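For reference, the structure discussed in these notes is given below.
Remember, predicted model here, so these are calculated numbers, not experimental data.
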Amino acid sequence: DFDDLDDAINQRLAEGEELEGVAGLLAASASTLKDYKPTEFMPPIPKTADKLVSIEDLPASAKKGLPKEPPQKEVCIRAFVFSGEGESAESFAKLLASAPASVDVVAYEWPSHGSRGGEAPCPSMEALVDDAMDSLAPAMAELGVGGRLEGAPFVFVGSAAGALLVSALGTRLRRTKTLEPAAVVILDRAPPHMPLLSPQGQALLAGDPDAFVRAFRPEAGGLPPAMRNAWLNDLRLSCDTLKVGSHLFSCEVLVLRASDNTKVDEHAKCKFRPAVLKIEGTEETLTVPVLSSTRVGALKKAVAEAAGVDAESISFAQEGAAAAAADHEPVSDTAFVRGLKSFKPKPYQWPHPVAVIGAGYNGIKTAIEYLKEGREDITVFDRNDKVGGHCWITAANKDSKLQTEFAAFHVWFGPEYISAEQCGGAGAWPMGWDCWAGKQQVLKHFQYAAEQYGVPSHVCFQTNVSSLEIVGGKTSHDRYYKLTVDSLKKGAAAEKPFTFACSVMYNFPGSMTRHRIIDYPGEDEFGGQIGYGMSDDFTYDERLRGSRAAILGNGAFAVENARTCCEHAVEKVYLVTRRKNLASPRLPCWFVHQGPIPTPGRMVLKMFEPMYELCGMGDPWKYSAVHASADRQNVSIIQNSRF
């Protein structure tokens with residue numbers, strides 16, 4: 001706490017101790033600048049390229065929705081903003097845009113951040129101070145001894161690691177230019193002689209950055225590598241420390257901190273001990289921190305709330321004790337929990353079961369998600385006699401293949417399936433499968449995955465949900481869907497229609513269910529084969545070898561059939577289309593699928609360029625689906641067909 005630190009410093013000075021940071025401040029206060037007597041408004045802050053950023057320098061995307069800058073600045077004071085770990089000048093766009101006309105505000109851009117993203121990060125806080133001093137040099141020369149604005153007021157604002165930088169800059173400016181800010185604002189940072197991380201945190205950051213990210217801020221694991229590495233370097237710099245007293249300025253220092261910090265400090269002073277809770281009759285345990293003042297009733301209420309059960313339905317008992325512990329008793333080091341099946345939250349119980357319409361990819365995945373959590377109250381309806389869905393069972397032809405890499409398409413996609421017993425256990429993934437698996441392999445996977453989790457026994461095959469009626473008000477707990485289900489079985493196996501009530505309904509109707517049927521003049525005179533490239537309507541056999549084929553259309557299935565024709569040794573393939581659609585080469589396709597965040601359109605098209613040139617497909621930027629700014633920095637791709 002800054003106030004406590006000031007009291008400690010005053011005490012040490014009173015006892016005759018010399019403190020380097022304080023000595024510098026006292027020495028600086030002895031030298032004075034001229035009194036600043038303005039005769040006109042200040043000129044704008046002089047800026048070095050990309051290092052000091054004003055609202056005018058930010059891209060248009062960062063200024064959307066922000067207040068417009070006053071038409072005429074009448075600057076009476078200058079403000080310099082220093083961002084923190086993982087931040088950039090754009091992080092303070094709102095502050096830059098909302099400053100009054102009397103204040104000229106700029107933000108210092110760290111190397112490797114924002115507009116300086118192409119630069120190498122600073123290896124130390126000292127190097128960062130050098131860079132910041134270089135950035136401030138023209139402005140400070142105007143404010144220093146002999147400058148045209150000698151003695152004019154300026155403000156430093158530091159956020160997190162930027163606050164540490166402000167303290168270091170204050171010491172440097174005091175020593176080299178006898179300059180002091182008129183005010184300092186510190187946001188969310190402890191005094192500069194305190195490192196950001198504990199010794200254990202610093203060791204983990206240095207030895208295993210991935211483990212550090214998982215423990216410190218898991219969501220940062222999804223950042224692009226360059227952004228993540230820059231943030232980790234910022235954290236290392238934040239662990240640098242300055243001399244005691246470096247936080248002192250001759251001006252007022254306003255320290256703003258999060259309101260919950262006080263609660264954190266209070267908890268840190270508490271002495272917690274671990275209490276092991278065991279569910280009676282099982283091996284499941286839960287270790288929780290408790291205080292000596294924690295009572296059974298309070299912990300029982302917390303456990304019941306987390307598990308989704310009534311607190312009155314469970315009780316605690318000490319090991320070997322027959323009687324339950326009273327609510328007013330302290331929690332023992334080991335306690336048995338009675339009346340609870342698991343510490344995991346109990347699933348919400350709806351009045352009626354869950355219905356899933358469609359047993360394709362999404363239908364199978366949804367059923368697996370329910371069943372692996374022990375939810376058996378689920379029923380799936382599908383028109384086919386097996387899982388797989390219309391797209392793969394009916395629409396796909398025998399030569400159809402995945403347009404998405406199998407590793408990202410299979411229904412076991414996700415970290416929770418990596419070591420699941422139903423999937424073979426850790427490391428026992430399917431071997432020998434194609435990257436872009438064919439129809440039969442995909443259907444085989446669907447069937448096997450569904451069987452491993454017991455999905456088929458929950459599917460009503462060869463049924464069609466023909467109508468739906470909503471029963472109950474919008475906010476009623478008893479509201480449900482009344483489905484009419486028709487049987488598609490024929491002959492002796494035919495069944496009568498029936499109704500099915502469900503509280504939750506997932507609807508996955510599938511795709512490619514309606515064909516656009518066109519009769520072209522002259523079909524009866526054409527000597528070759530005519531057919532649709534879907535649903536095995538067209539016969540792919542030796543008749544295609546050495547022939548020429550025309551494919552009418554330019555959607556995803558048309559492009560796939562072009563590949564199929566090539567696989568059957570067709571001499572020449574023509575795509576006949578009103579306009580050319582973009583088609584994605586495999587490498588950009590893979591890149592987009594594995595990326596942790598959506599890939600920018602301009603990056604996708606840049607990846608297309610060399611491959612389109614190799615294939616003679618023209619400039620991808622000139623396709624009708626592409627809408628780009630003149631500098632090609634902002635791109636939208638609007639196309640009905642998948643690409």
Side-chain angles (χ1 to χ4, degrees), residues 59 61 86 112-114 117-118 209-210 213-214 218-232 361-362 365 391 400-418 429-431 433-438 441-442 445 511 554-564 566-567 575 580-629 631-643:
S61 59
S112 77
H113 293 63
D210 290 337
V213 170
R214 290 194 296 270
E219 64 272 19
L223 292 174
M227 190 180 298
R228 176 178 178 273
N229 292 337
W231 172 66
L232 291 174
Y361 180 100
N362 285 309
K365 183 84 170 183
C391 181
S400 292
K401 293 181 174 66
L402 279 176
Q403 296 169 6
T404 301
E405 295 77 16
F406 184 65
F409 180 84
H410 64 82
V411 293
W412 287 341
F413 180 83
E416 68 272 26
Y417 293 98
I418 290 176
W429 302 287
M431 304 295 289
W433 288 64
D434 295 332
C435 184
W436 295 282
Q441 278 188 313
V442 172
H445 162 65
S511 59
N554 194 189
F557 230 89
V559 174
E560 178 181 82
N561 274 270
R563 184 207 67 228
T564 304
C566 293
E567 291 174 345
L575 275 180
K580 289 196 299 183
N581 286 334
L582 284 171
S584 176
R586 287 302 189 196
L587 187 59
C589 178
W590 165 81
F591 184 88
V592 170
H593 286 149
Q594 61 82 41
I597 60 175
T599 307
R602 66 179 183 273
M603 185 181 295
V604 172
L605 293 174
K606 291 295 289 184
M607 287 190 283
F608 281 16
E609 285 178 357
M611 304 177 190
Y612 271 51
E613 183 179 355
L614 283 173
C615 297
M617 292 179 64
D619 184 354
W621 293 85
K622 295 182 178 179
Y623 277 60
S624 61
V626 177
H627 305 269
S629 58
D631 60 2
R632 293 187 172 183
Q633 292 302 302
N634 298 305
V635 181
S636 294
I637 300 174
I638 303 172
Q639 181 171 294
N640 290 331
S641 168
R642 286 182 56 189
F643 68 96

Do side-chain atoms of S629 reach the backbone of N634 as a donor and acceptor pair under 3.5 angstrom?
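Present.
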Keeping the roles fixed (side chain from R602, backbone from Q633), state whether a donor-acceptor pair exists under 3.5 Å.
yes
E613 atom CD, over 12 foreign heavy atoms within 6.0 Å
no
Determine whether more than 12 heavy atoms belonging to other residues, nucleotides or ligands lie under 6.0 Å from atom NZ of K606.
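No, not enclosed.
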Would you name the heavy atoms of [X] and [Y] that are closest together and state the gap between them?
X: K365; Y: V411; result: NZ-O, 2.8 Å
X: V635; Y: A628; result: CG2-CB, 4.0 Å
X: N581; Y: G555; result: ND2-N, 4.4 Å
X: P588; Y: S584; result: CB-OG, 4.0 Å
X: V592; Y: T599; result: CA-OG1, 3.7 Å

Working for side chain to side chain contact (heavy atoms under 4.5 Å, CB included), residues Y612 and L582:
CA-CA 10 Å; Y612 271 51; L582 284 171; 3.6 Å; yes
Determine whether F409 and Q403 satisfy the following criterion, side chain to side chain contact (heavy atoms under 4.5 Å, CB included), listing intermediate values before the conclusion.
CA-CA 9 Å; F409 180 84; Q403 296 169 6; over 6 Å; no
Full working for side chain to side chain contact (heavy atoms under 4.5 Å, CB included) between F406 and H445:
CA-CA 10 Å; F406 184 65; H445 162 65; 3.9 Å; yes
Under 30°, 30 to 60°, or over 60°: which ring-plane class applies to H410 and W412, parallel, tilted or perpendicular?
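It falls in the perpendicular class, over 60°.
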One pair to check against side chain to side chain contact (heavy atoms under 4.5 Å, CB included): L587 and M607. What are the steps and the verdict?
CA-CA 8 Å; L587 187 59; M607 287 190 283; 5.8 Å; no
Show me the donor-acceptor pairs, under 3.5 Å and distance only, between side chains in residues 223-232 and residues at least two apart or in other chains.
residue: R228; atom: NH2; partner: D210; partner atom: OD1; Å: 2.4
residue: N229; atom: ND2; partner: P225; partner atom: O; Å: 3.2

Determine, for W436 and R586, whether the Lys NZ or Arg CZ falls below 6.0 Å from the six-membered ring centre while staying within 45 degrees of the axis.
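Judged by the rule (NZ or CZ under 6.0 Å from the ring centre, within 45° of its axis), R586 counts as positioned above W436.
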Can you find a pair of side-chain heavy atoms, one from [X] and one from [Y], that are under 4.5 Å apart?
X: S624; Y: K580; value: no
X: Y623; Y: L605; value: no
X: C589; Y: E405; value: yes

Nearest-0.5 Å distance that lies between atom CD1 in I637 and atom CZ in F608:
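I637 atom CD1 to F608 atom CZ measures 6.5 Å (nearest 0.5 Å).
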